[in-house]
Visitor: 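Here it is: the structure, laid out below.
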Amino acid sequence: MKVLIVTYYWPPAGGSGVQRWLKFVKYLQEFGIEPIIYTVANPKYPILDNSLKSEIPENITVLKQPIWEPNNLLSFFKKNKTQQSAGFLNPNPSFFGKVLQYIRANYFIPDARKFWIKPSVKYLENYLSNNKIDAIITTGPPHSLHLIGLELKKKTNIKWVSDFRDPWTEIDYFDQLPLTKKSIGKHQKLEDKVLRNSDAVLVIGKTMKEKFIQFSKSIYVLTNGFDSVKEKQIVPLDTKFTITHIGLMNADRNPYSFWKAIKELAKENDSFANDYQVQLVGEVASEVKESIKNNQLENVIEIGYVSHQKVNEYQLKSQVLLLSVNKVKSAKGIITGKIFEYLQAKRPILAIGPVDGDLSEILNDTNAGSIVDFDDVDTIKSEILKMYFSFKEDVLEIKSKNITQYHRRNLTENLSKIIKETIS
């Protein structure tokens with residue numbers, strides 16, 4: 001059985017977007033499915049991680065075609081030529097910056113990779129006529145890739161599975177885009193078409209499934225997960241009371257209450273002030289840096305992006321792992337991919353987000369940590385103090401359970417069942 005997987009993110013892409021399908025591809029052949037990858041030949045990824053190339057199975061076919069991206073042309077006019085992750089939107093753009101944002105939001109629908117749709121459909125239609133493929137899988141964002149799947153479905157009638165790593169019209173930054181009513185309507189219409197015409201839809205959580213169920217009955221929750229490390233790392237715990245956040249921390253994830261809690265604890269407890277250290281591993285937005293500065297926090301370290309292997313080390317040696325959910329209207333359905341790797345590290349997790357959301361359910365089910373509401377400074381302080389006192393007594397640990405369900409191999413087995421059911 002062969003499946004064609006259409007993905008924009010593929011090694012050497014770094015960051016979270018590449019992980020999901022790289023890991024599925026790693027294990028799919030164990031379950032009788034041969035993956036064939038279709039991706040871009042000339043990508044402009046904001047983050048690179050060449051170490052991920054070693055995880056691509058040697059015997060799989062990877063098809064590549066060039067893409068023209070207007071982002072490259074628009075960046076020529078920018079004073080700041082540095083690439084940014086898609087998670088950052090400039091909150092205070094210049095007049096020219098506002099014009100560019102408006103153009104990108106309203107003329108490149110569903111996104112700036114739309115110009116890859118027609119050439120990809122033409123190339124893949126020819127490939128499919130000469131090669132037997134049992135199913136097509138498209139993964140987004142970028143959601144323009146789903147339009148490739150939609151067109152191929154119409155032309156070939158091959159079974160099609162659309163995978164939503166993130167929502168479309170309810171993605172965290174959608175409301176920040178300067179979209180006209182007409183443009184919003186276009187997005188909604190395209191999303192509707194994709195969902196109604198997919199033979200199966202994959203989503204990462206229950207809340208997203210509840211949103212999509214009106215469009216399709218064949219919706220499956222397939223979360224992200226963690227993978228086995230090549231070599232079991234034995235890393236001694238940090239001697240300081242480290243609280244580590246790993247991954248992108250953009251403006252929406254800025255945990256204002258957490259910074260305030262740390263400031264108050266440091267002022268109230270000299271021992272805590274000397275022992276604590278907050279580590280931010282990954283890209284950090286200027287708004288977050290401003291919050292740290294305003295709260296006069298001295299023991300906060302910005303480490304920046306590191307390789308996936310190095311990330312594992314930080315997770316294993318940290319005393320506490322911090323998760324910050326985007327404070328947006330769709331927060332209840334947000335499950336940051338990092339939660340699953342945190343589970344593997346088996347260190348106490350402190351999450352800040354909706355206490356009745358999908359993330360909260362995972363933490364409760366696995367007994368891996370606690371989640372506190374966005375604005376609940378007192379409870380954040382209380383949770384941190386409990387962990388700090390355990391740290392001082394050298395007994396800070398977590399007895400998690402039910403985490404093997406999130407291993408990438410087990411998730412891939414579930415995926416293989418969905419694919420086979422859809423094809424049959």
Visitor: Any salt bridge between Arg20 and Asp163, counting N to O under 4.0 Å?
Guide: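 A salt bridge links Arg20 with Asp163.
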
Visitor: Would you call Lys260-Asp375 a salt bridge at under 4.0 Å N-O?
Guide: no

Visitor: Would you say the side-chain atoms of Ser198 pair up with the backbone N or O of Val161, donor to acceptor, closer than 3.5 Å?
Guide: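 Checked: no pair found.
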
Visitor: Spell out, as yes or no, whether a donor-acceptor pair under 3.5 Å connects the side chain of Asn414 to the backbone of Leu222.
Guide: no

Visitor: Any donor and acceptor pair, going by atom type alone, linking the side chain of Asn295 with main-chain N or O of Leu297 inside 3.5 Å?
Guide: no

Visitor: Any chance you could measure Gln405, atom CD, to Ile362, atom CD1, to the nearest 0.5 Å?
Guide: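 If I round to the nearest 0.5 Å, the distance is 8.5 Å.
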
Visitor: Could you give me the CA-CA distance, side-chain angles and deciding distance for Lys420 and Asp134, then say whether salt bridge (charged side-chain N to carboxylate O under 4.0 Å, His left out) is met?
Guide: CA-CA 9 Å; Lys420 291 171 183 177; Asp134 297 286; over 6 Å; no

Visitor: Heavy-atom distance under 4.5 Å between the side chains of Val25 and Ile56, does that happen here?
Guide: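 Not in contact.
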
Visitor: Going by an N to O cut-off under 4.0 Å, is there a salt bridge joining Lys289 and Glu302?
Guide: yes

Visitor: Taking the side chain as every heavy atom from C-beta outward, state whether Lys98 and Tyr102 have any pair of such atoms under 4.5 Å apart.
Guide: no

Visitor: Side chain to side chain contact (heavy atoms under 4.5 Å, CB included), that's the test. Do Val300 and Trp259 meet it? Break it down for me.
Guide: CA-CA 10 Å; Val300 177; Trp259 302 127; 4.2 Å; yes

Visitor: Under a 3.5 Å distance rule, please check whether Ser318 uses its side chain to pair with a backbone N or O of Val320 as donor and acceptor.
Guide: no

Visitor: Would you call the rings of Trp160 and His146 parallel, tilted or perpendicular, taking 30° and 60° as the class edges?
Guide: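 Correct class here is tilted.
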
Visitor: Are any non-hydrogen side-chain atoms of Ile349 and Ile339 less than 4.5 angstrom apart?
Guide: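 Yes - at least one pair of side-chain heavy atoms lies under 4.5 Å apart.
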
Visitor: Side-chain contact test, heavy atoms from C-beta onward, threshold under 4.5 Å: evaluate it for Pro11 versus Asn50 and give yes or no.
Guide: no

Visitor: Of the non-hydrogen atoms in His187 and Pro110, which two are nearest, and what is the gap between them?
Guide: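 Result for this residue pair: CE1-O, 3.2 Å.
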
Visitor: Compute the ring centroids of Tyr276 and Phe241, then answer whether they are less than 6.0 Å apart.
Guide: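 For Tyr276 and Phe241, the ring centres are not under 6.0 Å apart.
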
Visitor: Quick one: pull up CG in Leu343 and CD1 in Ile398 and give me the separation to the nearest 0.5 Å.
Guide: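 Reported value, rounded in 0.5 Å steps: 10.5 Å.
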
Visitor: Give a yes or no answer on whether the side chain of Ser129 reaches the backbone of Asn126 with a donor-acceptor pair at less than 3.5 Å.
Guide: yes

Visitor: Classify the ring geometry between His143 and Trp168 as parallel (under 30°), tilted (30 to 60°) or perpendicular (over 60°).
Guide: parallel

Visitor: Looking at every heavy atom in both Thr180 and Asn106, which two are closest together, and how far apart are they?
Guide: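 Closest approach of Thr180 to Asn106: N-OD1, 2.9 Å.
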
Visitor: Once you round to the nearest 0.5 Å, how far does CG of Leu202 lie from NZ of Lys209?
Guide: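 Going from CG on Leu202 over to NZ on Lys209, the span is 11.5 Å.
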
Visitor: Has Lys118 got its NZ or CZ under 6.0 Å from the middle of the six-membered ring of Phe115, at an angle within 45 degrees of the ring axis?
Guide: no

Visitor: Are more than 12 heavy atoms from other residues, nucleotides or ligands located less than 6.0 Å from atom NZ of Lys263?
Guide: yes

Visitor: Could you tell me whether a side-chain N or O of Ser330 sits under 3.5 Å from a main-chain N or O of Glu170, the two making a donor and an acceptor?
Guide: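 Yes, Ser330 side chain to Glu170 backbone: donor-acceptor pair under 3.5 Å.
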
Visitor: Any idea which heavy atoms bring Lys206 and Glu361 closest together, and the distance?
Guide: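 Residues Lys206 and Glu361, closest heavy atoms: NZ-OE2, 2.6 Å.
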
Visitor: What do the steps show when you test Lys332 against Asp358 for salt bridge (charged side-chain N to carboxylate O under 4.0 Å, His left out), and what is the final call?
Guide: CA-CA 6 Å; Lys332 186 178 176 181; Asp358 292 354; over 6 Å; no

Visitor: Identify whether NZ of Lys or CZ of Arg in Arg113 sits under 6.0 Å from the centre of the six-membered ring of Tyr8 and within 45° of that ring's axis.
Guide: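 Pair Arg113/Tyr8 counts as cation-pi.
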
Visitor: Are Glu290 and Lys293 ion-paired here, with the side-chain N under 4.0 Å from a carboxylate O?
Guide: no

Visitor: Of all the heavy-atom pairs spanning Thr207 and Gly333, show the shortest one and how long it is.
Guide: CB-CA, 3.6 Å

Visitor: Is Leu359 close to Ile371 at the side-chain level, that is, under 4.5 Å between some pair of heavy atoms?
Guide: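 A side-chain contact exists here, since the closest heavy-atom pair is under 4.5 Å.
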
Visitor: Quick one: does any side-chain atom of Thr242 pair with a main-chain N or O of Asp238 as donor and acceptor, under 3.5 Å?
Guide: no

Visitor: Could you tell me which non-hydrogen atom of Leu322 sits nearest to which non-hydrogen atom of Tyr342, and how far apart they are?
Guide: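 Smallest interatomic distance, heavy atoms only, reads O-OH, 2.9 Å.
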
Visitor: What is the minimum heavy-atom distance between Leu321 and Ala345, and which atoms define it?
Guide: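 Closest heavy-atom pair between Leu321 and Ala345: CD1-CB, 4.1 Å.
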
Visitor: Does a donor on one side chain and an acceptor on the other come within less than 3.5 Å for Thr7 and Trp21?
Guide: no

Visitor: I would like to know whether Val18 and Leu52 meet side chain to side chain contact (heavy atoms under 4.5 Å, CB included); could you show each step before the answer?
Guide: CA-CA 9 Å; Val18 69; Leu52 295 178; 3.6 Å; yes

Visitor: Can any side-chain N or O of Arg347 pair as donor or acceptor with the backbone N or O of Glu397 at less than 3.5 Å?
Guide: no

Visitor: Under the salt bridge (charged side-chain N to carboxylate O under 4.0 Å, His left out) rule, what do Glu55 and Lys23 come out as? Steps first, then yes or no, please.
Guide: CA-CA 8 Å; Glu55 299 197 39; Lys23 301 299 185 180; 2.4 Å; yes

Visitor: Within the 3.5 Å criterion, strictly below it, is a donor on Gln315 or Glu313 matched to an acceptor on the partner's side chain?
Guide: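 Gln315 vs Glu313: no donor-acceptor pair found between side chains.
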
Visitor: With heavy-atom distances below 4.5 Å as the criterion, would you say the side chains of Phe24 and Leu411 are in contact?
Guide: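 Yes, close enough: below the 4.5 Å cut-off.
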
Visitor: Do side-chain atoms of Tyr305 reach the backbone of Gly15 as a donor and acceptor pair under 3.5 angstrom?
Guide: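 Such a contact is found between Tyr305 side chain and Gly15 backbone.
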
Visitor: Are the side chain of Ser360 and the backbone of Asp356 linked by a donor-acceptor contact shorter than 3.5 Å?
Guide: no

Visitor: Is the distance between the ring centroids of Tyr123 and Trp116 under 6.0 Å?
Guide: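 Between Tyr123 and Trp116, the centre distance exceeds or equals 6.0 Å.
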
Visitor: Is the Phe212 ring parallel, tilted or perpendicular to the Phe215 ring (thresholds 30°, 60°)?
Guide: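 Perpendicular: the ring planes of Phe212 and Phe215 meet at over 60°.
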
Visitor: Has Lys26 got more than 12 heavy atoms of other residues, nucleotides or ligands less than 6.0 Å from its NZ?
Guide: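 Enclosed: over 12 neighbouring heavy atoms sit under 6.0 Å from NZ of Lys26.
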
Visitor: Would Lys153 and Asp199 pass as an ion pair if we require N to O under 4.0 Å?
Guide: yes

Visitor: Less than 4.5 Å apart, side chain to side chain, heavy atoms only: is that true for Leu28 and Ile5?
Guide: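 They are in contact (side-chain heavy atoms under 4.5 Å apart), so the answer is yes.
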
Visitor: Heavy atoms, side chains only, cut-off 4.5 Å: are Glu341 and Tyr406 in contact?
Guide: no

Visitor: Begin with the C-alpha distance, continue with both residues' side-chain angles, and end with the deciding distance and a verdict on side chain to side chain contact (heavy atoms under 4.5 Å, CB included) for Val3 and Ile136.
Guide: CA-CA 6 Å; Val3 296; Ile136 299 165; over 6 Å; no

